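Keep in mind that what you see is a predicted model, and the values were worked out from it rather than measured. Note that ligands are numbered from 1 as they come in the structure, with each ligand's atoms numbered from 1 the same way.
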Amino acid sequence: MALDAETLTLLLDAVRRFVADKLVPAEHELAESGVIPESIVAGMRELGLFGLSIDPAYGGLGLNMVEEVQVAMALGHTAPAFRSLAGTNIGIGSQAIVLAGTEAQRERYLPRLASGELIGSFALTEPDAGSDAMSLRTSAQRDGEHYVLNGTKRFITNAPVAGLFTVMARTRPDRQSDAISCFLVEAGTPGLTLGKPDKKMGQAGSLTCDVVFDNCRVPAEALLGGEEGNGFRTAMRVLDKGRLHISALCVGIAERLLGDAVRYAAERKQFGKPIAEFQLIQAMIADSQTDIYAARTMVMDAAAKRDRGENTTLEAACCKLFASEMVGRVADRAVQIHGGAGYISEYAVERFYRDVRLFRIYEGTSQIQQLVIARETMKAHGV
Ligand code: COS
């Protein structure tokens, strides 16, 4: 469902103001403490950020993809850990229920995910199943009116604060996509425990940890959609959307980094003039601006295609590959323009340089995006 133009403008203005007035000033403190203040979480709830992609019938804003990516770009202008808290509810933590849940599952979870009262978490990755998601070993065995889950999930975003886990588990041992099913497991279920929060290279405040299932018994109604065998395909569909959202976030962060670099270049004087007047600095500015324009255009095009109901597996992978690599290049140039200051944590570019490294890895590495793009391209050519 699309918002009218005026409502969308008001929403984007409100998000941009919230980012500039509340989040950017709190970035440094977040990096030091790793904790998002309650007042900021409350502000995010008030803006409706947790429910961006959830239908208004369940209390969300029901944005279409073109609208959602614009909000993600706006949120990219600050430390990505802020977006990450709402990010799982917007994307991988809610979309399996939106796409494939039963009406009872939607009614039970979507309103609380939309309000941010409940944090959702997507549990696919395992110690021995990363890029090869289909090799996951977590099992779910039917036992009367229950399933019993056993296995370990790794690097699960927002797991330390999640109230609900969307868990991909094997209901058959063979390597077929329909051997994998999806379960909605509530935090506090006996047999579900969490590992210690991971210490990461960047994105302090975005929490990840292991999720361990040890004879964790869930009612049969926890099976997503009430049907076994749809878990893998649902996960892939969820990732198609998630990859577009992450691409938009990369665009927003790159815009922020270029803004920081340009302002620094205008202030910093060497050889008697601002370094912005040197052509070698201008070349880096120009390359970053070109990169951002290309990525933004790709994301908007793919989002519009998705809104028209077309399959965007190929486009989402192209966007994720290009935008995540692009923001890495832009961050690198931003550090270079800052010179020695760019290596010092007082300047935001040092932190962003570490933060953006994750985008080339999670929700599918660059190499997995290349694989998907090549497969889809060959398919389109009948090969
Ligand atoms: N949408 C819907 N269905 C999809 C799909 C998509 N985007 N991609 C694959 N599928 C379906 C296929 O159609 C196939 O269905 P059938 O078994 O009914 O024919 C099934 O899923 C298996 O697909 P495929 O054969 O392509 O599986 P592979 O094991 O070869 O690999 C990749 C799939 C590599 C693309 C997948 O494992 C992947 O994306 N890995 C990265 C995982 C990831 O992003 N992890 C991040 C953690 S979550 S933050």
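Looking at heavy atoms from C-beta onward, F359 lies in side-chain contact with P80 at the 4.5 angstrom threshold.
Counting only N and O atoms by type, the side chains of H245 and R83 include a donor and acceptor under 3.5 Å apart. In this model, no donor atom of one side chain and acceptor atom of the other lie less than 3.5 Å apart for T152 and E126. One side chain, S366 or E325, offers a donor N or O that lies under 3.5 Å from an acceptor on the other. Inspection of the D4 and T7 side chains reveals an N or O donor paired with an N or O acceptor under 3.5 Å.
Looking at R351 and E27, a side-chain N of the basic residue comes within less than 4.0 Å of a carboxylate O on the acidic one, giving a salt bridge.
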Please give the N or O to N or O pairs under 3.5 Å between ligand 1 and the protein, distances rounded to 0.1 Å.
| residue | atom | partner | partner atom | Å |
| --- | --- | --- | --- | --- |
| ligand 1 | 7 (N) | D240 | OD1 | 3.3 |
| ligand 1 | 7 (N) | D240 | OD2 | 2.9 |
| ligand 1 | 7 (N) | T313 | OG1 | 3.3 |
| ligand 1 | 17 (O) | S177 | OG | 2.6 |
| ligand 1 | 18 (O) | R233 | NH1 | 2.9 |
| ligand 1 | 26 (O) | R375 | NH1 | 2.7 |
| ligand 1 | 29 (O) | R175 | NH2 | 3.2 |
| ligand 1 | 30 (O) | R375 | NH1 | 3.1 |
| ligand 1 | 30 (O) | R375 | NH2 | 2.9 |
| ligand 1 | 37 (O) | S131 | O | 3.3 |
| ligand 1 | 39 (O) | R243 | NH2 | 3.2 |
| ligand 1 | 40 (N) | S131 | O | 2.8 |
| ligand 1 | 44 (O) | R243 | NH2 | 2.9 |
| ligand 1 | 44 (O) | G364 | N | 3.0 |

